[in-house]
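The model shown is predicted, which means the values in this text are computed figures rather than measured ones. Just so we're on the same page: letters track the sequence lines, and every chain starts at 1.
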Amino acid sequence: MEKTGVVIEIKKGRIKDANLGMIACARAANREVYALILNDTAENFREILEAHGVHAMVEITTGGADHTPWNPEQHTRAIITAMEALHIKALLALTTPMGRELLPRIAAALDAPLVMDCIDVDLEKGLARTTLYSGKTIGTIQVTGSHELFGIRPNVIAPVPVKTKAKMISMPIDTPVSGKFKTVEILPGQSSQTDITEADIIISGGRAMQSKENFDLLFQCAHTMGAAVGASRVAVDMGWVPYTMQVGQTGEKVSPRVYIACGISGSIQHFAGMKMSGMIIAINTNAEAAMVSNCDYFIEGDLFEIVPLLTQRLTQKAK
Amino acid sequence: MDMKIYVCVKHVPDSAANIAVKDGNTIDDKISFLLNPYDEHAVTEAAALKKHLGRGEVIAISLGTEDVEKTLRSAMAMGADRSILVKTDRQRDSIFTARALKAAIDQDGSPAIIFTGRESIDMEGMQTMFRLGAAFGFPVASNVIKFTPEKNSATVESQTEGGGKNIYHLSMPCVLGVGRGINTPSYPTFPDVVKARKKEVKTIDVKDLNITPSPSSMSVISLEPFAQERRAREITGTPAEQVQTLVNILRNEAKVLN
Ligand SMILES: Cc1cc2nc3c(=O)[nH]c(=O)nc-3n(C[C@H](O)[C@H](O)[C@H](O)COP(=O)(O)OP(=O)(O)OC[C@H]3O[C@@H](n4cnc5c(N)ncnc54)[C@H](O)[C@@H]3O)c2cc1C
Ligand SMILES: Nc1ncnc2c1ncn2[C@@H]1O[C@H](COP(=O)(O)O)[C@@H](O)[C@H]1O
């Protein structure tokens with residue numbers, strides 16, 4: 001049977017939830033799914049991988065004297081070596097900062113086709129669906145080549161639990177680092193905050209937030225729901241929040257189950273980043289705002305009144 | 001010999017334009033096109049590098065139709081000294097694009113560094129810089145938000161999640177795909193625009209580059225407008241009632257609260 005490789009993303013010892021939808025996508029074709037685990041103990045993830053239909057766990061350990069925990073060039077070569085050894089022609093990874101570094105490097109090295117940020121993939125036909133033209137259209141892309149690579153947009157494909165027994169393949173791969181590219185340092189982001197690309201709920205603020213301090217209202221509210229905080233470009237440009245929180249065409253493209261837009265007008269560029277959300281809720285003083293006419297639910301009101309009330313309500317509930 | 005700094009720029013539909021699908025797999029191009037937003041940062045960074053070095057030449061390069069000249073003029077108004085238009089009749093995939101850009105750069109000179117944007121806002125491919133790097137055998141970093149040139153090398157910060165960064169050291173020549181945090185492009189003044197009109201645009205027909213095609217390809221076989229079918233329902237009542245309804249929706253309909 002043909003094999004599909006999926007690059008598993010692990011964060012702080014846990015498999016990111018988004019991997020499970022990606023595995024479901026790989027399983028949809030009648031092929032064997034090989035979970036590639038880089039520099040981590042695959043056995044730790046056996047239970048969850050077997051509950052989602054993985055046929056093999058490939059534990060790839062990169063080593064060598066000049067080993068660093070993250071070197072995308074070295075890891076690219078390790079994955080290619082594993083793909084060759086196991087005859088894996090199709091590879092999936094998430095469109096996350098990690099996937100954005102690995103997939104295009106692998107594609108470039110193999111001269112293979114790659115479609116990033118896919119919302120659906122048909123591995124048998126070599127077809128991928130993704131947003132094109134700033135999220136204003138959905139394109140179907142036909143790939144041809146000896147290999148096929150796809151970046152999967154986190155959280156758009158639902159996980160499908162299926163039981164399997166996974167075999168374990170251990171692959172220590174010694175890949176020397178090239179002198180041309182070296183990792184100097186890895187500075188992790190703030191781990192206390194949920195990342196917007198992975199969150200189930202995002203609460204975002206725009207120009208109406210008025211200041212950096214006022215964003216605390218959103219952080220407090222987000223905390224009560226396990227949500228992530230996002231922002232419009234204006235809020236980022238004003239320096240109230242870091243660029244990594246920007247949602248939109250020139251920010252992150254997110255697909256949470258619920259997106260709550262507080263004081264965001266709903267420009268075409270902002271929509272480009274969040275229109276795939278499951279449910280959109282707008283809180284805006286202006287009922288004519290584009291965000292209000294393109295949402296599922298809206299409150300015509302002042303965010304400075306509504307958001308603190310919501311936080312209060314959710315805190316009471318939690319008790 | 002003068003240091004050649006290349007910047008790859010793409011001519012893309014204005015981010016505010018309404019996109020209409022034509023012939024099932026392409027778009028109606030009677031809309032305004034601009035320099036890809038990330039590429040503005042790439043041009044700005046290239047011009048800043050030249051200034052920092054006190055020498056060098058910034059060359060903007062683009063693969064596209066004749067109309068691309070407009071975008072090349074914008075790049076020149078923002079600091080490129082001259083430009084190269086590699087003429088093709090249609091949108092090409094990044095596999096072909098990287099080959100064409102490589103061939104045209106090879107014909108023009110030997111790059112000290114190549115800047116690109118981190119992605120194009122039309123194709124959203126996120127890969128042309130890596131393919132270009134592989135073609136040249138140059139190291140690549142993308143999503144670069146800080147660039148520090150050194151003698152024959154560069155240190156860059158590449159953005160990761162939650163405000164994290166990876167710091168990489170690359171030998172030069174290298175290819176850098178820049179992100180938005182790297183700089184603030186300053187928009188050209190009228191004299192810049194006038195000067196840009198006089199700068200050179202070298203046009204090459206892609207056919208004359210004799211590019212060996214790749215066995216791999218990516219082609220858009222169909223395109224549909226991304227329809228929004230949301231029915232905006234108002235949550236009414238006093239603020240306290242509105243918030244209660246909102247919580248009920250989150251819990252019972254969206255099922256995101258316990
Ligand atoms: C090339 C390009 C790329 C871009 N990329 C992005 C991008 O990635 N992301 C992005 O977001 N933007 C992007 N933009 C900018 C975009 O065009 C808009 O300018 C921006 O999204 C507007 O931000 P905003 O909604 O916060 O502000 P505004 O448009 O000013 O809206 C503020 C809203 O707050 C409401 N309001 C005011 N007070 C209150 C209150 N007390 N309570 C509740 N509501 C209130 C107002 O009614 C209004 O609707 C881009 C622009 C360009 C040209
Ligand atoms: N046709 C093109 N001409 C010149 N540069 C391009 C072209 N297509 C892509 N690029 C460059 O490659 C970057 C990434 O594009 P993409 O891989 O399509 O996301 C862009 O920001 C440009 O700098």
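For the residue pair B/Glu161 and A/Thr96, no side-chain donor N or O sits within less than 3.5 Å of a side-chain acceptor on the partner. Using modelled atom types and a 3.5 Å distance limit, the side chains of A/Tyr243 and B/Gln159 yield no donor-acceptor pair.
Interface residue A/Ile281: only side-chain heavy atoms are found under 4.5 Å from chain B. Heavy-atom distances place no part of B/Glu157 under 4.5 Å from chain A, backbone and side chain included. Only the side chain of B/Leu257 comes within less than 4.5 Å of a heavy atom in chain A; its backbone stays farther off. Proximity to chain B (any heavy atom under 4.5 Å) is shown, for A/Thr131, by both the backbone and the side chain. Interface remark: A/Glu148 contributes no atoms to any contact with chain B (heavy atom separation under 4.5 Å). Only the side chain of B/Leu246 comes within contact range of chain A, with heavy atoms under 4.5 Å apart. For A/Ile280, the parts sitting under 4.5 Å from any heavy atom of chain B are the backbone and the side chain alike. For chain B, no part of A/Pro242 is nearby; none of its heavy atoms comes within less than 4.5 Å. With a threshold of 4.5 angstrom between heavy atoms, A/Val236 approaches chain B through side-chain atoms but not through N, CA, C or O. Residue contact with chain B, scored on non-hydrogen atoms closer than 4.5 Å, involves the backbone and the side chain of A/Val143 alike. Contacts between B/Ser120 and chain A at a heavy-atom distance below 4.5 Å are absent for every atom of the residue.
Put simply, CE on B/Met218 and CG on A/Leu149 are 10.5 Å apart, with the number rounded to the nearest 0.5 Å. Taking CD of A/Gln142 as the reference point, atom CG of B/Asn25 lies at 12.5 Å (rounded to 0.5 Å). Summarising the geometry, atom OG1 belonging to A/Thr250 is positioned 7.5 Å from atom NE2 belonging to B/His41; distances are rounded to the nearest 0.5 Å. Within the model, atoms CD1 of A/Ile268 and CG of B/Asp14 stand 9.0 Å from one another, a figure rounded to the nearest 0.5 Å. One distance of note links CG of A/Asn294 with CZ of B/Arg231; it measures 14.5 Å at 0.5 Å rounding. The line from OH of A/Tyr297 to CD of B/Glu234 is 13.0 Å long, rounded to the nearest 0.5 Å.
Residues satisfying the side chain to side chain donor-acceptor pair (under 3.5 Å) criterion with B/Asn166, sequence neighbours excluded, are B/Tyr168.
Per-residue heavy-atom pair counts under 4.5 Å with chain A were compared for B/Val12, B/Ile249, B/Ile145, and the maximum is reached by B/Ile249. When A/Lys253, A/Lys275, A/Arg129 are compared by the number of non-hydrogen pairs under 4.5 Å with chain B, A/Lys275 comes out ahead. Each of B/Asn143, B/Thr155, B/Ile27 has some count of heavy-atom pairs under 4.5 Å with chain A, and the biggest count is that of B/Ile27. In terms of heavy-atom pairs under 4.5 Å with chain A, the best-connected choice from B/Val140, B/Thr245, B/Asn18, B/Val21 is B/Val140. Heavy-atom pairs under 4.5 Å with chain A peak, among B/Arg230, B/Met129, B/Met123, B/Arg118, at B/Arg230. Between chain A and the residues B/Ala16, B/Pro13, B/Pro215, the largest count of heavy-atom pairs under 4.5 Å involves B/Ala16. With respect to chain A, the highest number of heavy-atom pairs below 4.5 Å among B/Thr128, B/Thr184, B/Ile221, B/Thr236 belongs to B/Ile221. Comparing A/Glu300, A/Glu73, A/Met279, A/Met276 by how many heavy-atom pairs each has under 4.5 Å with chain B, the most go to A/Met279. Residue with the most contacts toward chain B among A/Thr130, A/Thr244, A/Leu103, A/Val115: A/Thr244 (heavy-atom pairs, distance under 4.5 Å). Put simply, of A/His147, A/Arg233, A/Met98, the one with the most heavy-atom pairs under 4.5 Å next to chain B is A/Arg233.
Shown here is A/Lys125, whose NZ atom has no more than 12 heavy atoms of other residues, nucleotides or ligands within 6.0 Å.
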Between B/Met126 and A/Thr95, is a side-chain contact (heavy atoms from CB on, under 4.5 Å) present by the stated rule, with each step listed?
CA-CA 10 Å; B/Met126 315 174 189; A/Thr95 307; 4.1 Å; yes
For A/Ile141 and B/Asp93: C-alpha separation, side-chain torsions, deciding distance, then whether side-chain contact (heavy atoms from CB on, under 4.5 Å) applies.
CA-CA 10 Å; A/Ile141 299 180; B/Asp93 66 18; over 6 Å; no
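Here the closest heavy-atom approach between residue A/Arg257 and residue B/Lys255 is recorded as NH2-O, 2.9 Å. In terms of heavy-atom proximity, A/Met116 sits nearest to B/Gln127 at CG-NE2, 4.4 Å. Minimum heavy-atom separation, A/Glu305 to B/Pro239: OE2-CG, 3.5 Å. Scanning both residues, B/Ser216 and A/Ser146, for their nearest heavy atoms gives OG-N, 4.4 Å. The heavy-atom pair separating A/Gly251 from B/Tyr38 by the smallest distance is N-OH, 4.0 Å. The two residues A/Gln249 and B/Ile121 come nearest to each other via the heavy atoms NE2-CD1, 3.4 Å.
Residues from residues 132-139 of chain A that place a non-hydrogen atom less than 4.5 Å from a non-hydrogen atom of chain B comprise A/Leu132, A/Tyr133, A/Ser134, A/Gly135, A/Lys136, A/Thr137, A/Ile138, A/Gly139, given in numerical order.
Residue pairs meeting the salt bridge (charged side-chain N to carboxylate O under 4.0 Å, His left out) criterion with at least one member in residues 101-119 of chain A, sequence neighbours excluded, are A/Glu101-A/Arg105, A/Asp111-B/Arg99, A/Asp117-A/Arg153. Judged as a salt bridge (charged side-chain N to carboxylate O under 4.0 Å, His left out), the pairs with a partner in residues 176-186 of chain B (not counting sequence neighbours) are, in order, A/Asp237-B/Arg180.
Remark: the backbone N or O of B/Ser142 is not paired with any side-chain donor or acceptor of A/Arg100 at under 3.5 angstrom.
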